K.L.:
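Pasting a structure below so you can have a look.
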Amino acid sequence: MRVATDIGGTFTDLVFVDEHGDIGVAKSPTTPPNFEQGVLDVIEASGIDKKAIHTFIHGSTVIINALTERKGVKTGLITTKGFRDVLEIARGNRPDLFNVRYRKPEPFVPRHLRLEVEERLDFQGEIIRPLDREQVKSIVASFQKEEVKAVAIAYLHAYVNPVHEQMTAALIKELWPEVYVTASHEVTKEWREYERTNTAVLNSYVKPTAASYIDKLQGKLKENGVDSYNYIMQSNGGTTTFAQAKETPINMVESGPVAGVYGAAVLGELIGETNLIAFDIGGTTAKCSLIDRGEVKVSTDYYIERAERSAGYPIKVPVVDIVEIGNGGGSIAWIDEAGALKVGPESAGALPGPVAYGMGGTKPTTTDANLVTGRLAARNFGYNVDLEKVKQAIHETVASHFDMSVEEAALGMIRIADSNMLNALKLVSVRKGYDPRDFTLVAFGGGGPMHASILAKELGVKKVVVPTASSVFSAWGMLMTDLRRDYIQTYNKRLGQVEIGEINRAWDTLEQGAWQQYEADGLAREAVMYARFADMRYVGQEHTVKVQVPNGEWGADTFAEIVERFHQLHEKTYTFRLEQTETEIVSLHVTAFGKVQKPTLKKLEKTNIPVSEAIIESRPVYFEGKGWVATHVYDRKKLSPGIALEGPAIVEERSSSTVMHPGQSLTVDEYGNLIIHTGVN
């Protein structure tokens, strides 16, 4: 049996598939700060035989939480003499250009814990000045007095030749075995001193937290009779072992959300939809990502805490291109200083949760608004819902302020939340030059199906797909992933100066390094597959585009082929091409997949159950411009493939509701997915 669990801000989700291909799901409240307990709770809630679990895959928010909440450990930095302040200097291209009071993000390592050592390599990796081991010993003694718990090492040009970083790391482990150490070349071999240094620092900052969490989770699983192969979801859309995740936990920064994006790509391939927008609304956040012709976009230009007025902190590791905003089911409605209604980013979380939960929450949330407008039914909550208390909370916070009815206020809350989500959807589509009319929206998470149909219509998307087990779809996506590791090496050369033999040796070195790691994990050579990419640009440019290039031995004609691919991709990305301008390679990128056995989705058998028997009830639902409308509510489990419905309608399932607005229609495909036609021509 394969089991996947995904820890969200509000709920922990589980999906399992047994040896017969049958899929089961479960949800349980997230249990901060002891997140591993939520995993055990949801396994218990699923009712599965723990001893039957063969493969366990896990996604977690523990790393991003540790970073954003500043709950990592005291970290020291060792760097090349003269580069102590690289974290302070950062980049000059600040986002809020005309703000005279702008403040750069404060480094995670204070200046007195950023220490320099005599050593120097040139840009080709040749040693100019040997490493001063005595200075390293002195620095270690200083860090011990400061009670530092983790150390980051980032030397100039270590991405070309890591010899001094390796010597330093070995010496630290010899002198101080219990401290956690990260050398920059272990997490990234790309240039950019600031980004590489910051990535090494953040990896060290969360390394003890990650190790403690993973050890606790593994221990709890064993205590409860789970003897499985254990993997963790990474930000690049693949999985890795628990052991590797403890070494480079920064690769887990978007562990949970990217699984849903990858799952959407797998589902799209199955149903013949290759242009997709993955849209996930959970209890705390909404996430979206664009999939172009089946390709999940992965980038190493990732930032945490980046906003209109903050440069954020760069993390130079492969991360699926995803936009995340603080709007979910638990997002709290509030009135700002100007008297305007806002929803989010503050969330009620799992505790106390929305007012409807009856767990002490007093501030109205998006979930409460959906309940009051009839989109959700009180009977589906795992709590005793006091509807009058929910209405009172909305009245006191919103309705009384604007002198409107509770229903109008609730609808206003929903529309504000929808507006925030629509902006996020535009960021991954329209703002990047894509026409949403060419894409299908895949809606999942507890709130995705509830908001997707109206958002898709406003965006111009013609079709929405609500997958089976939509509320736990990110966990389902984990079941469909392979092992994945990315190997990126800066290789800055003009194409006209590249020697065929030299670049073939560079590709072979990257792929051999990947194979050696997978071999250590016990994989057979035939189970490992490679994909090659080159980060390329025109000479004189700053930014690159990632071009997929041929595998195998390169020949003289290969260069003309990849240059043409680059021209086409550059034109698509930036609307122009410069065919007379010389091109150059900046980095080589090998993605190595360790293929694992994945479940096969079964087609559903048609039943003779009439649509009328799937109706749970007919209840009034409050729609914008329509008011209260009598709306049929259907049980998703009783909807057979081929059944068609007309809006307005609501399809209920465990932990989620799909809302169809007037003028929209819905069909059920052979896999049980709900296909909504939004009314866009």
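From a predicted model like this one, the values you see are computed outputs, not experimental measurements.
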K.L.:
Please list, chain by chain and in numerical order, all residues satisfying side chain to side chain contact (heavy atoms under 4.5 Å, CB included) with A210, sequence neighbours excluded.
P.N.:
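Side chain to side chain contact (heavy atoms under 4.5 Å, CB included) list for A210, sorted by chain: I63, P249.
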
K.L.:
Give a yes or no on whether the ring-centroid distance for H567 and Y538 is below 6.0 angstrom.
P.N.:
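Centroid separation for H567 and Y538: below 6.0 Å.
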
K.L.:
Flag the pair H451 / F279 as yes when their ring centroid distance falls below 6.0 Å, and as no otherwise.
P.N.:
no

K.L.:
Examine the side chains of R196 and T188 and answer whether a donor and an acceptor come within less than 3.5 Å of each other.
P.N.:
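No pair is found: no donor N or O on one side chain lies under 3.5 Å from an acceptor on the other.
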
K.L.:
Output, in order, the C-alpha distance, side-chain angles, deciding distance and verdict of ring pair (Phe, Tyr, Trp, His ring centres under 6.0 Å) for F576 and H570.
P.N.:
CA-CA 7 Å; F576 69 93; H570 191 279; 4.8 Å; yes

K.L.:
Would you mind checking if R293 and E295 are paired as a salt bridge, meaning a charged N to carboxylate O distance below 4.0 Å?
P.N.:
no

K.L.:
Any side-chain heavy atom of S60 sitting closer than 4.5 Å to one from I232?
P.N.:
no

K.L.:
Does either side chain, that of D486 or that of T591, offer a donor lying less than 3.5 Å from an acceptor on the other one?
P.N.:
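Yes.
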
K.L.:
Hey, does the Lys NZ or Arg CZ of K104 hover above the aromatic six-ring of Y102, less than 6.0 Å from the centre and inside 45° of the axis?
P.N.:
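No.
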
K.L.:
Indicate, with yes or no, if the rings of Y434 and F439 have centres closer together than 6.0 Å.
P.N.:
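Yes.
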
K.L.:
Applying the side chain to side chain donor-acceptor pair (under 3.5 Å) criterion to T440, which one of K463, E273, K462 satisfies it?
P.N.:
E273

K.L.:
Taking CZ in R103 as the centre, count heavy atoms belonging to other residues, nucleotides or ligands within less than 6.0 Å. Is the count above 12?
P.N.:
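Open.
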
K.L.:
Is D292 salt-bridged to K572, cutoff N-O under 4.0 Å?
P.N.:
yes

K.L.:
Would you find more than 12 non-hydrogen atoms of other residues, nucleotides or ligands less than 6.0 Å from K426 atom NZ?
P.N.:
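Check fails, neighbour count at 12 or below.
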
K.L.:
Hey, is E305 close enough to R70 for a salt bridge, meaning N to O under 4.0 Å?
P.N.:
yes

K.L.:
Give a yes-or-no answer on whether the side chains of S299 and K297 include a donor-acceptor pair shorter than 3.5 Å.
P.N.:
no

K.L.:
CD of E269: more than 12 outside heavy atoms within 6.0 angstrom?
P.N.:
no

K.L.:
Can R91 and E195 be counted as an ion pair, charged N to O under 4.0 angstrom?
P.N.:
yes

K.L.:
State whether D301 and K546 are salt-bridged, where the test is any N-O pair (Lys NZ or Arg NE/NH1/NH2 against Asp/Glu carboxylate O) under 4.0 Å.
P.N.:
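K546 and D301: not salt-bridged.
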
K.L.:
Compare all side-chain heavy atoms of V659 with those of R375 and state whether any distance is below 4.5 angstrom.
P.N.:
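They are in contact (side-chain heavy atoms under 4.5 Å apart), so the answer is yes.
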
K.L.:
With salt bridge (charged side-chain N to carboxylate O under 4.0 Å, His left out) as the test, would you mind laying out the steps for R484 and D482 before giving the verdict?
P.N.:
CA-CA 6 Å; R484 172 172 173 159; D482 292 305; over 6 Å; no

K.L.:
If you count every heavy atom of other residues, nucleotides or ligands that lies below 6.0 Å from K71 atom NZ, does the total exceed 12?
P.N.:
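Check fails, neighbour count at 12 or below.
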
K.L.:
Look at atom CD of E106 and say whether more than 12 heavy atoms of other residues, nucleotides or ligands are closer to it than 6.0 Å.
P.N.:
no

K.L.:
Checking side chain to side chain contact (heavy atoms under 4.5 Å, CB included) against T583, which of I562, V563, V539 comes through?
P.N.:
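Going through the options one by one, the only one that passes is V563.
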
K.L.:
Hey, is E542 close enough to R192 for a salt bridge, meaning N to O under 4.0 Å?
P.N.:
yes

K.L.:
Should S471 and D13 count as side-chain neighbours, where that means a heavy-atom distance under 4.5 Å?
P.N.:
no

K.L.:
Quick check: Y487 with H589 (ring centres under 6.0 Å apart)?
P.N.:
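That pair fails the under 6.0 Å test.
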
